[in-house]
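Written below as structure tokens is the structure these notes are about.
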Amino acid sequence: MHRSQLTALLSVFLLVVAGCSAPVSTPGSSPTDAPPTETTDTSPTSSWPADPSTDRLGWEAGYWHNESIDVNQSDGLNATEREAFVARTMARVEVVRDLEFTEPVPVEVISRAEYRNQSDDASDPTHADWNDQVWESLLLVGEDRTVEQVFDEIYGGAVLGYYSPSEDRIVIVSDSDTPAIDRRTLAHELHHALQDQHFGINGSPATQDAQLAENGLVEGDARYVDRLYEDRCDAGEWECVPRPERSSGGGSLDFPVFLTIYTPYSEGPTFVTELHERGGWAAVNDAYENRPVSTEQVLHPEAYPDERPVEVTIEDRSSADWTRYDTDPVGDTVGEASIFAMFWKHGAIDKTDLQRNPGPYSAYNYTSAPSAGWGGDLVVPYRPASDDVAEANPNDRGYVWKTVWDTEKDADQFERAYLTTTLKLRLGATRVAPNTYVVEKGPFADAYRVTRQGNTVTIVNAPAVEELDAIHG
């Protein structure tokens, strides 16, 4: 199975945009919860119980969860300070999450040059071309860019570190051998290690929507824990190492694309909070045995676990001049969250709704009338049969996107938001035949055929009107 670049990014849990546990507050802004610059835990050392004979909850590598430590981050953390900081944070994560680490978690430092060398592996050109059409179908990444370029711009020099499930370690990316570490992001990444030890988090769901959904559980759990951890620091219940000053990172931000891939970090905490309220940590643990399969379930916790996506299929009705890609799967499911990001970008929903009434511990509200009621979807990209993918012209591509909705009313709302506001008003499409529209200029300049039958809306895209039937007759 080919793994999309989105899968690769989500399988390595990144401390990005000033830490994955700290969201960008508004489009184009810097994080607003900047910590104090003081960086020393100066509390006097008290008398602590003797080390236990065996490992136990709230004690790790010689440190109790409520023990004072001698740590000064003003010039970064030396090896001894880092060892104490990591061990006590592990013990505290255990107390918050009521779950015991089974193995130590290495925290290593690499330079940014080393990180870039690791990230320079060439992607599969066939799959990359296929993935570009998936994101183009959402009208998020047009023919003037590739998805890989957009992701590189977003992440750029902003990656501060990550937890790697495949290597069972946390890596800090820094040009200093003694970098400072934010206590909340450390707790967040250590919790990923705890999740991995108990439940395994190195899976690779087949579709974009399933990837975002599963990570809604994983990242939601970690963000919920790091917030509970931070609440204890803020309340003075724990003596905590002050958080170092941080920058907003070096990447430029395509906010609608960022909004899509940020779904697990924003909506996951609300999902996990709901699970916790249903049945405590046991209910959250049980969810790893029955992980969410759609962003609909994450955005609407009441839909979990019973409301599952409709299986959507698209018959191949292309002419001999067009073909599907040699990928597995042949199509992708983008899901409710990605559709929301599409409509947000193009103003089909009120942009201020994004920050109205977000759920507990969440940054944004991803619900809207045109994207709610999603039942399932499938995007199948097409290319000319004679084309060499390695020398592809991005303008010479097409796709079929079928969406299925819970009701005919839901399908009508989606069709009107897509056709009237997005295609006609924002992209300047003109009607040239029944159900057929042409966008003359810009990165989405193509022909579109939009049809609705009951609760199903099908969109066919081609470089020109005469190619629409050749792709999907």
Side-chain angles (χ1 to χ4, degrees), residues 15 18-23 25 30-52 56-78 80-101 105 107 160 170 179-194 219-246 265 269-270 272-273 276-277 280-281 284 358-363:
L15 287 69
C20 65
S21 59
S25 59
S30 297
T32 57
D33 58 340
T37 58
E38 189 180 0
T39 54
T40 307
D41 185 342
T42 57
S43 306
T45 302
S46 302
S47 176
W48 303 104
D51 290 348
R56 64 182 58 189
L57 198 75
W59 180 90
E60 280 296 325
Y63 292 89
W64 293 96
H65 72 279
N66 56 354
E67 185 171 341
S68 296
I69 56 176
D70 185 13
V71 169
N72 185 332
Q73 292 207 86
S74 60
D75 57 351
L77 295 171
N78 61 36
T80 301
E81 290 174 318
R82 192 164 74 221
E83 179 182 341
F85 192 16
V86 170
R88 190 181 70 173
T89 305
M90 290 177 68
R92 289 180 169 185
V93 168
E94 288 182 342
V95 169
V96 172
R97 187 56 173 81
D98 196 24
L99 206 59
E100 175 74 43
F101 281 95
V105 183
V107 178
L160 306 179
I170 292 172
I181 303 176
D182 184 277
R183 69 188 183 222
R184 184 173 162 193
T185 50
L186 178 60
H188 183 102
E189 301 305 321
L190 284 170
H191 183 52
H192 282 321
L194 183 66
E219 291 298 343
D221 189 2
R223 286 210 65 212
Y224 184 44
V225 166
D226 78 50
R227 286 296 298 267
L228 295 177
Y229 182 109
E230 192 63 16
D231 286 347
R232 296 199 184 198
C233 291
D234 291 342
E237 183 177 342
W238 283 340
E239 299 165 353
C240 295
V241 176
R243 299 174 69 184
E245 188 174 6
R246 65 178 184 229
Y265 301 96
T270 297
V272 171
T273 300
H276 191 262
E277 290 175 353
W281 289 121
V284 180
Y361 297 117
S362 292

How close do Glu94 and Phe101 get, counting heavy atoms only, and between which atoms? OE2-N, 2.9 Å
Main chain of Thr80, side chain of Glu83: is a donor-acceptor contact present, judged purely on distance under 3.5 Å? no
I'd like to know whether the aromatic ring centres of His65 and Trp59 sit less than 6.0 Å apart in this structure. no
Closest heavy-atom contact between Asp70 and Glu81? O-CG, 4.0 Å
Salt bridge (charged side-chain N to carboxylate O under 4.0 Å, His left out) filter on Glu230, not counting sequence neighbours, yields Arg183, Arg243
Quick one: sort the Trp238 and Tyr229 rings into parallel, tilted or perpendicular, breaks at 30° and 60°. perpendicular
Any side-chain heavy-atom pair from Tyr265 and Arg223 closer than 4.5 angstrom? yes
Could you check whether atom CD of Glu100 has more than 12 heavy atoms from other residues, nucleotides or ligands sitting under 6.0 Å from it? yes
So how far is it from Thr89 OG1 to Leu190 CG, rounded to the nearest 0.5 Å? 6.5 Å
Nearest heavy atoms of Pro179 and Arg82, plus distance in Å: CD-NH1, 4.5 Å
Who passes side-chain hydrogen bond (donor to acceptor under 3.5 Å, both in side chains) against Thr273, sequence neighbours left out? none
Side-chain donor-acceptor contact under 3.5 Å, His191 with Asp226: no
Side-chain contact test, heavy atoms from C-beta onward, threshold under 4.5 Å: evaluate it for Val105 versus Val86 and give yes or no. no
Kindly compute the distance separating CD1 (Ile181) from CD (Glu189), expressed to the nearest 0.5 Å. 11.0 Å
How long is the gap from CZ on Phe85 to SG on Cys240, to the nearest 0.5 Å? 8.5 Å
Distance in Å, Arg92 CZ paired with Glu60 CD, rounded so as to fall on 0.5 Å steps: 13.5 Å
Would you give the length of the straight line joining atom NE2 of His192 to atom NE2 of His188, rounded to the nearest 0.5 angstrom? 3.0 Å
Between CG on residue Leu228 and SG on residue Cys233, distance to nearest 0.5 Å: 11.5 Å
By salt bridge (charged side-chain N to carboxylate O under 4.0 Å, His left out), which residues pair with Arg56, not counting sequence neighbours? none
Determine whether Val284 and Asp221 satisfy the following criterion, side-chain contact (heavy atoms from CB on, under 4.5 Å), listing intermediate values before the conclusion. CA-CA 8 Å; Val284 180; Asp221 189 2; 3.9 Å; yes
